[in-house]
Engineer: 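Below is the structure I would like to discuss, written out as structure tokens.
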Amino acid sequence: MKFSKSSRINVALYHLGIYSYRDILFYLPKKYDDFSPSDEEKLLDKSRVVLVGRILKGLATYHYHKASLVQFSFLTQKMNVFYIKAWNRPYLSTSLNSEDYFTLVGNFDKSKNVVNLISINKGIQAKEGLVKPVYSLPKSLDNFEFVRLVNKAFKEIKKEDIKDLVPAYFKKKYHLIDKYDALFLAHFPKNKDDVKASYRHLKYEECLLFSLKMLLVKEANNAIIKENNQPVDQSKIKNFIEDLPYKLTKDQLISLKEIIHDMDLDKAMYRLLEGDVGSGKTLVSALSLFANYTRHKVGALMAPTEALAKQHYLTLTALFKNSDVRIGLLLGSTPLKERSLIRQALLDEKIDILVGTHALFSKDINYSSLGLVIIDEQHKFGVNQRHLLSMKGDNCDLLMLSATPIPRSLALTIYGDLDVSTLFTFPYLKKDVETIIVSSNNRLIDQYIFSSIACNGRIYIIAPRIENVDEVISVEKLYEKFKQKYPTKVSLLHGKLSEDDKNFALDDFRQGITPILVSTSVIEVGIDVKEADLMIVYEPTFFGLASLHQLRGRIGRNGQKAHFLMVYDGDDIDDLNKLNVLVNSNDGFKISEEDLRYRGPGEFNGLKQSGLVSFMFASILNDYKMFVISKEDAKFILKNRNEYDFKSILNKAKALTEEEDIYRA
Ligand code: ADP
Ligand code: MG
């Protein structure tokens, strides 16, 4: 859609996923800059400050090689003097005068006792509580241009076009404003209170929909009864475990017990197995599949990418090599001939476990007696995995694996009554991965690459995007760059390559023919290459913390010393704080908690964030109470589901449970 005469603006909006005026209304600010004047007596180092006052004499301009600097001193209304530095804004030297009052925003540098200017505007704008929306936009689109578009959007879209989902009953109960007004205030707040009123509506709607959705999923699942359910053979499992070359961790044992307990019930299992990267979820899955095999049922293990599916296939094949378990592999790229062989084998009951991608649930694939389905990296798939199985005779047990662990108390809140097993402990000694933030010209990058290659290590180089958009570094660009430096040693991997090319790239990497792999975050999910000891992530701020932690989990898998470099040239305090969470912690539970904290309202980088559930408005941590309340309200709605007032939210929630939002890396 054309929003503007400028194709630059249209293209930028397109890349943000904005295709209509309605989309603009729903593209909410990333944050709100506070224009309340700072407390000048208590300025924190490196903090954003707002000062109101006049320019004192001493406006001086310096010119350097490519830069210019305007310097002046500033007398505030509170009669304090600050020294201000403004880089690369030579026009300031003529546009500032000493008569007018100005409102100035800057970063305070305590050691030098200067304020580095961010913006300066004529007049006393700073009022208590005044806020200004800041949008997350590409460099090609300015904030003020976007605000202009939002204005236009509110003219195009009328109040009656935006219907409230929240039932009038609850709107009244909680004094919520209308949704249209909530959107308006989110974009044009006069003060902090407006933002609050706006987000109260948006958050509550989100929480209520989510709670309803979870209850509906759970309700549908509870209604599923397994017919003639045979118990699993505990003694066979015990023997199998005793023959393993290693011992299960305590949590692996507990989780397996919980899973087997569910399998023996007549009601179908619907369980989440969560655990940090490397906590050994695959082994628990394998043993669950074995348990399923002992009750003479077929099992299916689904992974989000072909690479991961193949890896699981190899792992299971090795694990079951001394048993009678027969394993098959089915991918989207599996040739037709092989595919029909697998189909036949399934019908003839000659396959006990089928590993694969989404292809496992294609229309032409039928299982004679599917007993257990396991979905790895569940967050990469849609909300209601059971929906996937509906055509396969869906009265089987379902286990979902998630590597974005969240604390149990939170899990209970957001998953409602979903059953959760958790792996807290790790199977081997803690890994030795050092995490460093480096600038793009830091010598460490080449030093570590060099020493990794010298020791037969493997190196991942990661960027968020395949192709260049704006100035964001892409994998294609990095591939060219590193290929020049290391001509025969680099492979390229991303989602747009053919399956064959992906396989070649990964195989060459695994074998060490090309020890450097330049890739998008497709490798985030589960790839296990033990020799990998270095990862260099470009544009790390494009990833959520949980994603970065996942990526980091790919290296040092043999317990060897490994390095995780995040390449960052900026100086944004929020960005640095976020990246430092990873520098300072290796605890997946803690990191995902921080991840939730850093994902501000509406924050969405145009890239899908990995995570269990991504809420646009509500924060699982800070809006805990709202989740609790909305859960009760959702129950109330279900109890009174024939009330006319509840119709539209119920329909919406139902539609969400059927959403098949398959993620393709
Ligand atoms: P994730 O939970 O990230 O999927 P994996 O299942 O890939 O983790 O396990 C990580 C590594 O730990 C694998 O190489 C696996 O073989 C190994 N592993 C899993 N369980 C054990 C155990 N009980 N003892 C020793 N090694 C284990
Ligand atoms: Mg895994």
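When a ligand or atom number is given, it counts from 1 through the structure's own listing order. Excluded from the calculations below are hydrogen atoms, water molecules and symmetry mates; all remaining heavy atoms, backbone and side chain alike, are included.
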Engineer: Between Tyr270 and Asp419, does any side-chain donor sit less than 3.5 Å from a side-chain acceptor?
Structural biologist: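 The criterion, which ignores hydrogens and geometry beyond distance, is not satisfied for Asp419 and Tyr270.
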Engineer: Is there a heavy atom of Ser279 sitting under 4.0 angstrom from any atom of ligand 1?
Structural biologist: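 Under 4.0 Å: yes for Ser279.
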Engineer: Judged by atom type as modelled, is there a donor-acceptor pair below 3.5 Å linking the side chain of Arg557 to the main-chain atoms of Gly553?
Structural biologist: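 Judged by distance alone, yes, a pair lies under 3.5 Å.
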Engineer: Does this structure show an ion pair linking Lys502 with Glu306, if we count only N-O contacts that are shorter than 4.0 Å?
Structural biologist: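 Between Glu306 and Lys502 there is no salt bridge, as every charged N stays at least 4.0 Å from the carboxylate O atoms.
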Engineer: For ligand 1, which atoms, with element, lie under 4.0 Å from some heavy atom of Gln252?
Structural biologist: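 That gives atoms 19 (C), 20 (N), 22 (C), 23 (N) of ligand 1.
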Engineer: Quick one: does Tyr246 get an N or O within less than 3.5 Å of an N or O on ligand 1?
Structural biologist: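 So ligand 1 has no N or O lying under 3.5 Å from an N or O of Tyr246.
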Engineer: When you check the side-chain N and O atoms of Thr520 and Arg465, is any donor under 3.5 Å from an acceptor?
Structural biologist: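 There is no such pair (donor and acceptor under 3.5 Å, judged by atom type) between the side chains of Thr520 and Arg465.
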Engineer: Enumerate the residue pairs fulfilling ring pair (Phe, Tyr, Trp, His ring centres under 6.0 Å) with a member in residues 232-265, sequence neighbours excluded, ordered by first and then second residue.
Structural biologist: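 The answer is Phe240-Phe290, Phe240-Phe320.
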Engineer: With only distance considered, is Gly280 within less than 3.5 Å of ligand 1 through an N or O on each side?
Structural biologist: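 Among all N and O atoms of Gly280, at least one is under 3.5 Å from an N or O of ligand 1.
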Engineer: Any idea which atoms of ligand 1 are less than 4.0 Å away from a heavy-atom of Lys247?
Structural biologist: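 Taking each heavy atom of Lys247 in turn, ligand 1 has 22 (C), 23 (N), 24 (N) under 4.0 Å.
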Engineer: Can you tell me if NZ on Lys257 sees more than 12 non-hydrogen neighbours from other groups inside 6.0 Å?
Structural biologist: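 Open: at most 12 neighbouring heavy atoms sit under 6.0 Å from NZ of Lys257.
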Engineer: Should you measure from each heavy atom of Lys530, which atoms of ligand 1 turn up under 4.0 Å away?
Structural biologist: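 Counting atoms of ligand 1 from 1, those under 4.0 Å from Lys530 are 14 (O).
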Engineer: Counting heavy atoms only, which of Leu273, Thr282, Leu319 is nearest atom 5 (P) of ligand 1?
Structural biologist: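 Nearest heavy atom to atom 5 (P) of ligand 1 lies in Thr282.
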Engineer: Only distances under 3.5 Å count here; give the side-chain donor-acceptor pairs of residues 504-514 to other protein atoms, sequence neighbours excluded, each with its distance to 0.1 Å.
Structural biologist:
unit_1	atom_1	unit_2	atom_2	d
Arg510	NH1	Asp528	O	3.4
Thr514	OG1	Ser491	OG	2.6

Engineer: Enumerate the atoms of ligand 1 whose separation from the nearest heavy atom of Leu248 is less than 4.0 angstrom.
Structural biologist: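 Result: 23 (N).
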Engineer: Below 4.0 angstrom from a heavy atom of Leu283, which ligand 1 atoms are there? Numbered from 1 as shown, please.
Structural biologist: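 Ligand 1 atoms under the 4.0 Å threshold to Leu283: 20 (N).
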Engineer: Considering Thr315, Leu253, Leu401, Asp528 one by one, which has a heavy atom nearer to atom 13 (C) of ligand 1 than any of the others?
Structural biologist: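 Selected option, by shortest heavy-atom distance: Asp528.
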